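First comes the structure, then the notes that go with it.
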2 protein chains.
Amino acid sequence: MLKIETLRGFAAVARCGNLSDAAATLGRTPSAVSMMLKQLETHLGEPLFETDRKNRLTALGRFVLDHAERELHQFDTTVRAIEGYAKAVYGSVRIATVPSIAGTIMPQVMARHFGRFDEVDIELRDIDSNSILHEVLRNRVDIGIATIGQNRAGLHSQLLMTDAFGVVCAPSHPLAKEDGPIEWETLMTERIIANSLSESIDAIPSRDLHEASRLKAHNVASILGMVRANIGISLLPKMTILAFGSDALVFRPLADQTARRELHILRRADATLSPAARMLEERIRDTVASIMQDM
Amino acid sequence: MLKIETLRGFAAVARCGNLSDAAATLGRTPSAVSMMLKQLETHLGEPLFETDRKNRLTALGRFVLDHAERELHQFDTTVRAIEGYAKAVYGSVRIATVPSIAGTIMPQVMARHFGRFDEVDIELRDIDSNSILHEVLRNRVDIGIATIGQNRAGLHSQLLMTDAFGVVCAPSHPLAKEDGPIEWETLMTERIIANSLSESIDAIPSRDLHEASRLKAHNVASILGMVRANIGISLLPKMTILAFGSDALVFRPLADQTARRELHILRRADATLSPAARMLEERIRDTVASIMQDM
DNA sequence: CCTTAGTTTCAGTTTTTCTGAAATACCATT
DNA sequence: AATGGTATTTCAGAAAAACTGAAACTAAGG
């Protein structure tokens, strides 16, 4: 049966114009190449060369060379593609994160990733946690980074990092005058702008604060806008502030370090990630680890 | 190193969804296929299937399957092309003959050739002997059939057939009244229309006749036109008359059977014919042999 | 928990491919 | 036409690769 290595051998001989040089480029002895060539000619039932000094092809030889070279090129390309993909040199990864991660961690991930894996296509989207869950489940995204509630059927999730909540206020606000962690009691007298992130804080004092709150917003930009206008203060994770805050805002950490947003890294439970995706996931963990260390 | 048979094995397993069926279609034992697959996974450093019941592919598996199937199709096509060409099932042949052969022998050759070799492209041209020589030498034609003089450097030639000259005359001509072979003496008193074919007859009486001739034409149609108009008689090979003669003309053989046109089959001396061309050449010889037998 | 179908492992066998040496063929040169 | 040098083929044995059958193992379904 015709084998690709046989074609490669023939093409080498045809290119070199003699058997010995071809054998050298193939890393074989001339006798091995000779036998291989003979086998090919026997298989085809026709000679490929005019003389046994292999410097002139028959019509069949020319035909075979033409097709063999095309085939070899195609084959080598395929092999490179497969091996490259397996080694995560090529490939594509679709990733969806919450906006604060997209604006803080991901740029650093990319900075570490590029150069070494230039051929990997990465598609990054920032959407809300709930949509991320759905996108991952629908297989429209390979990796998700989100805060998850309980809906985790069919999902593989792992805690990536936690992000401590803190208080945001305008620079003119009394709380901005001081420094250091803030106790819950300090906030009891403040007007709190509730938001979907801060609502998830389990601590009892926080619950009370939220119940008392008369203002709730979902969009981070509008929350910050209100804070800037001194309409009230809000509770947000530090990452969010790093991503969207400005000089016109003051962030002070909470004393209660249990008030944290949990960010999980998600993928479908029933499918393995592509090598490139796994590589990127690893890089995300590395990056988060090194950022955490610096803080 | 990645081999085409490995890809074929993997594709079979991926297609079948299990190893045993794939082994059956490949004509191997499951254990052989299992080992091959393991080798492939080891080579790539990543699993190709989600579980060891081979019914769900990993991302890498899907990628490899996609590329492997394209590759296998391509490879099989190439192999078919090469083997087909070698067996003369495919290929193309360019052939040039003198017009009389193109009009008599070639149609019969084609009739015998088709059906079995439908995929072979044949290009047939009818031109004069001298041009045929040049076309063959320039490698613009694979096979030539022509009357050759001496210019045969770089040409391989072999006598294909001889074609006896005879006399052509109008039905109203005195020679048309009788039947049977004609002696040279009988022609001495006739007005001969010389032509490039009859000029090549070596016999002395023919030389004399030509020297005496006052009329010479090259184009067969015009020669026959003149004969038909009873301007004179001419000497032409029988094949030419079979190809171009009409009921309005009478052909009588010469008694001198040495007066013959020699038709050679020609090819370049330094190149082997393609299998399809060789096949066709063989067919031409067959056909000529069986026609000669019938005559 | 047991059965069953399917897969992997293992050791030995068969097949294929390779090597090195010797024989042979080819080409150029005399 | 003989000769020398180079290239190729042949051959037998060695090495590598692929395959088989039996047995061990594993997962899924009853």
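Heavy-atom basis, side chains included; hydrogens, waters and symmetry copies ignored. Naming: A, B, ... by sequence-line order, numbering from 1 per chain. Given the structure is predicted, the values throughout are model-derived calculations rather than measurements.
- Two residues are said to be in side-chain contact when any heavy atoms from C-beta on lie closer than 4.5 Å; B/S129 and B/R261 meet this criterion.
- At the heavy-atom level, A/S20 lies under 4.0 Å from the strands shown only through sugar-phosphate atoms.
- When the side-chain nitrogen and oxygen atoms of A/K38 are compared with OP1 and OP2 of D/dT10, one or more of them lie within a distance under 4.0 Å.
- Nearest-nucleotide positions on DNA chain D place A/G17 closer to the 5' end than the other of B/K3 and A/G17.
- Within the nucleic acid shown, A/Q39 comes within 4.0 Å of sugar-phosphate atoms alone, with no base atom in reach, counting heavy atoms only.
- Out of D/dT20, D/dA27, C/dG20, the shortest distance to the side chain of B/S31 is found at D/dT20.
- Of the candidates A/V136, A/I95, A/T97, A/I143 forms a side-chain contact (heavy atoms from CB on, under 4.5 Å) with just one, namely A/I95.
- Looking at B/E5 and A/K3, no side-chain N of the basic residue comes within less than 4.0 Å of a carboxylate O on the acidic one, giving no salt bridge.
- A close approach under 4.0 Å does not occur between any side-chain nitrogen or oxygen of B/K54 and OP1 or OP2 of D/dT26.
- When the nucleotides C/dT8, D/dT9, D/dA12 are ranked by their closest atom to the side chain of A/P30, D/dT9 comes out on top.
- Closest to the side chain of A/A32, out of C/dT8, C/dT19, D/dA7, is C/dT19.
- Between the side chain of A/R53 and the base of D/dA7, no donor-acceptor pair under 3.5 Å is found.
- Remark: the B/R28 side chain and the D/dC19 base include no donor-acceptor N/O pair separated by less than 3.5 Å.
- Looking at heavy-atom distances under 4.0 Å, B/M36 makes no contact with the nucleic acid at all.
- When atom types are taken as modelled, the side chain of B/E50 and the backbone of A/T272 share a donor-acceptor pair closer than 3.5 angstrom.
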